[in-house]
Chemist: 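Please read through the structure below; I'll follow up with questions.
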Amino acid sequence: RIPSYLLTASSKFKHYHATVSAFERSLVRLHKMPRLWLMYATFVILYDPERNPTTVRRIYDRALVALPASQHERIWEECLCWVTGILPSNNSTGSSSS
């Protein structure tokens, strides 16, 4: 894990936060657009310097609250793909029951 004082000094960190800020400002008016929520979540998944899964989960949660139920399926598909990608696989334990 990178110390926070090194992260805040880096130009990548400043560009990351500027982009997050732009997403947040756009969501003030465009919060009913699922594509924008998905782009935001994907950006944070790929470029968050801290790789914090809670940040991504909160974005998905906010999207589900903001969007009508008819559009939840689009968010859930992406969310489930992300979750299953970060969870450890049960097959790697090597145990089998008969």
Side-chain angles (χ1 to χ4, degrees):
R1 190 156 170 126
I2 301 171
S4 61
Y5 66 88
L6 290 177
L7 282 175
T8 56
S10 75
S11 63
K12 286 183 182 180
F13 183 77
K14 291 174 185 172
H15 291 299
Y16 169 79
H17 278 288
T19 307
V20 166
S21 178
F23 272 116
E24 290 291 340
R25 287 191 313 271
S26 65
L27 286 168
V28 169
R29 296 234 181 215
L30 304 172
H31 60 277
K32 298 291 184 193
M33 295 186 67
R35 186 74 219 136
L36 186 58
W37 285 106
L38 294 173
M39 289 171 56
Y40 184 20
T42 300
F43 175 79
V44 172
I45 290 166
L46 294 175
Y47 299 108
D48 183 8
E50 297 176 358
R51 301 280 187 233
N52 188 350
T54 302
T55 305
V56 179
R57 184 189 50 79
R58 286 182 178 155
I59 293 170
Y60 283 127
D61 288 347
R62 287 175 51 210
L64 291 169
V65 168
L67 294 169
S70 62
Q71 295 182 345
H72 282 195
E73 185 177 329
R74 294 180 68 184
I75 302 299
W76 272 117
E77 287 175 7
E78 296 279 334
C79 184
L80 291 175
C81 286
W82 171 71
V83 168
T84 56
I86 64 168
L87 292 177
S89 173
N90 287 339
N91 297 335
S92 63
T93 58
S95 64
S96 62
S97 59
S98 300

Chemist: I need the minimum non-hydrogen distance between Lys32 and Gln71, along with the two atoms involved.
Modeler: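 Closest approach of Lys32 to Gln71, heavy atoms only: O-OE1, 3.4 Å.
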
Chemist: Would you say His72's side chain and Leu67's backbone share a donor-acceptor pair under 3.5 angstrom?
Modeler: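 Yes, His72 side chain to Leu67 backbone: donor-acceptor pair under 3.5 Å.
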
Chemist: Say you draw a straight line from CG of Leu30 to CZ of Arg35; how long is it, rounded to the nearest 0.5 Å?
Modeler: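 Going from CG on Leu30 over to CZ on Arg35, the span is 14.0 Å.
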
Chemist: Using every non-hydrogen atom in the two residues, find where Pro34 and Ile75 come nearest and quote the distance to one decimal.
Modeler: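 That would be O-CD1, 4.1 Å.
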
Chemist: Look up atom NE2 in His17 and atom CD in Glu24, then write down how far apart they are to the nearest 0.5 Å.
Modeler: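 So the gap between those two atoms works out to 11.5 Å.
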
Chemist: Would you compute the distance between atom CD1 of Ile45 and atom OH of Tyr40 and round it to the nearest 0.5 angstrom?
Modeler: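 Atom-to-atom, Ile45:CD1 and Tyr40:OH are 12.0 Å apart.
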
Chemist: With the side chain counted from C-beta on, respond yes when Val65 and Asp61 share a heavy-atom pair under 4.5 Å apart, and no when they do not.
Modeler: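 They are not in contact (no side-chain heavy atoms under 4.5 Å apart), so the answer is no.
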
Chemist: Measuring from Ser26:OG to Met33:CE, what's the distance to the nearest 0.5 Å?
Modeler: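 Separation between the atoms: 9.0 Å.
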
Chemist: Using 0.5 Å steps for rounding, measure from the CD atom of Glu78 to the OG1 atom of Thr42.
Modeler: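 OG1 of Thr42 is found 5.5 Å from CD of Glu78.
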
Chemist: Could you state the interatomic distance from CD1 (Ile59) to CG (Leu27), rounded to the nearest 0.5 Å?
Modeler: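 Going from the CD1 atom of Ile59 to the CG atom of Leu27 covers 9.0 Å.
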
Chemist: Can you confirm whether the side chains of Ser21 and Arg25 place a donor and an acceptor under 3.5 Å from each other?
Modeler: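 Side-chain D/A pair, Ser21 to Arg25: present.
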
Chemist: Angle class for the Trp82/Tyr60 ring planes (parallel below 30°, perpendicular above 60°, tilted otherwise)?
Modeler: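 Tilted.
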
Chemist: Go through the steps to decide whether Trp37 and Leu64 satisfy the test side-chain contact (heavy atoms from CB on, under 4.5 Å), and finish with yes or no.
Modeler: CA-CA 9 Å; Trp37 285 106; Leu64 291 169; over 6 Å; no

Chemist: Over 60° means perpendicular and under 30° means parallel, so classify the ring planes of Phe23 and Phe43, tilted if in between.
Modeler: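 The arrangement is tilted - the two ring planes meet at 30° to 60°.
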
Chemist: Looking at Arg57, is its backbone amide N or carbonyl O close enough to the side chain of Arg62 to form a donor-acceptor pair, meaning the two atoms are under 3.5 Å apart?
Modeler: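 Not at all, since once roles are kept as given, no pair shorter than 3.5 Å links the two residues.
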
